[in-house]
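Below, chains carry the letters A, B, ... as their sequence lines are ordered, and counting in each starts from 1.
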Amino acid sequence: MARLQPVRGTHDILGEKAIRFRTIFEIFKNVAERYSHQEIDTPIFEFTETFKRTLGDTSDVVTKEMYTFEDRGGEQITLRPEYTAGIARAFISNGLQQSTPCKFYSFGPIFRYERPQKGRMRQFHQMDLEILGVEEPQADIEVLAVAADFLNDLGIGKHITLELNSLGDPESRSDYRDALVHYFTGHKGKLSEDSLKRLEKNPMRILDSKDDGDRELIKDAPRIADFYNQSTKDFFKMVIDGVEALDIKYVINDRLVRGLDYYCHTAFEFTTDQLGAQGTVLAGGRYDGLMEMMGGPKTAGIGWAAGMERLAELIADDLLIKQNRPVVVTPVGAEAQIPAMKLAHDLRVAGIVVDMAYKGNVGKRMKRANKQNASFAVLLGEEEMARGVAMVKNLDQGSQEEVSLSQISDYLKGKG
RNA sequence: GCGGGUGUAGCUCAGUAGGUUAGAGCGCCAGAUUGUGAUUCUGGAUGCCGCCGGUUCAAAUCCGGUCACUCGCCCCA
């Protein structure tokens, strides 16, 4: 038993969990298509270079979290640790710059070699939404609207806060970064060990620190809004005005940052306090610099990803897709086996969900039917066959009546 | 990569001044009911007490290691 465990940080999805996943995906798909997004499914692995080049050599994802291996042809392959790079690659591979704007959605597994904990797995699943080729803030607004609608349709909107920030255009962002480095370098002695490393690699991340000492310093650190140039201010105002017009609740969080260089302007996270340390349920931002960094044509982009496992913990039970209750066909006696199978088949062809056990006497089969939460049992024995009928039992009420074989499917559909 | 907690039946868990045959509930199987489920009653099987080693006449119990799960840090969905 001990050896037949799933690989650390992976989980089997079955039973109620599978239903939760499907429920959430259906709702996601429904919302995305309402906004006229198209499905795209890219491979779950890409050349390692695709992720390395876009995520940067200093990011944690690239330096220690990728599942990378050499395939039999000697290619360096990586299981995707995020969606955007693969979709951007597909955009370029398929020459889609001809057809912008592209509005995509996708769903599937993501892989990161991390220490598992609540809401954090090595294989997990994300729903992803992207708009490619739109520089206007209207795309930012729309993408936020999809997210808000999605969470509302899941019935969890009220437990979730939208945190919004602007990282500015490259110029604003670079000025701010310099100011931050200058400020924190002046207080090096008071920074936590982790933040000293961040100062080297990714200074904006210091703003995220949970260390008390760091937080004291952060209070007086330069604020990003003071470094916005006019075009950044205009852009961000458009986004905020749009979000307000659509009545989407939000708070500005100017400590919300993205470490990677290709991010700019809008950055956002939808968070909850109901999941322990991993409170982010959906997050994204604008990445106008990404395509060029990959060697493609300069193309704007904005999008987000939502964590399936985290959402699955939040949704209410009554939201789950109802399972179809089966009708159970039960032969009585050996001679009824084949005729019962024929009856079951006819009902299935007629579109009814039917199950028939493979063995057992009537008592066993009825017990099994009950465990399956069957709605009806259809019993077929010698007596019924002689008269061209079957005994149809309502398992909720315990009542039963004979129904002519030719009318059973209509009878069951009428009651179902 | 770093720190805390926990590993006993399919599931939820009892079980320590170390002691003989390791327990309960739920679930599962069988029978009462060989043409009728749920309820009820009767009976049954649950198991290398995570794994390896040590202490001891004797270890589920004490010690060391290891693995897994879990919570947090880091990072992220």
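Listed candidates were B:rG37, B:rA77, B:rG72. Nearest to the side chain of A:K118 is B:rG72.
With its glycosidic angle within 90° of 0, B:rA17 is assigned syn.
At the phosphate of B:rG31, OP1 or OP2 sits under 4.0 Å from a side-chain N or O atom of A:K364. Of the side-chain N and O atoms in A:K371, none sit less than 4.0 angstrom from OP1 or OP2 of B:rG27. Not one side-chain nitrogen or oxygen of A:R115 sits closer than 4.0 Å to the OP1 or OP2 atom of B:rC76.
The closest donor-acceptor contact from the side chain of A:N370 to the backbone of A:M366 lies at 3.5 Å or more, if one exists at all.
Nucleotide B:rG35: unpaired (no Watson-Crick or G-U wobble partner with both distances less than 3.5 Å). In this structure, B:rG44 and B:rC28 make a Watson-Crick or G-U wobble pair, each of the two defining distances being under 3.5 angstrom. Pair check for B:rG3 finds B:rC71; Watson-Crick or G-U wobble, both atom distances under 3.5 Å.
Using bins of under 30°, 30° to 60° and over 60° for the plane-to-plane angle, the ring pair A:F111/A:Y67 lands in the perpendicular bin.
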For this session: I would like to know whether A:S172 and A:T232 meet side chain to side chain donor-acceptor pair (under 3.5 Å); could you show each step before the answer?
Result: CA-CA 8 Å; A:S172 302; A:T232 291; 3.2 Å; yes
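Among the heavy atoms of the strands lying under 4.0 Å from A:G9 are primed sugar atoms or P, OP1, OP2 only; no base atom is included. Among the atoms of the strands shown, none is found under 4.0 Å from any heavy atom of A:A369.
In the model, A:T271 has no side-chain atom that pairs as donor or acceptor with a side-chain atom of A:T280 under 3.5 Å.
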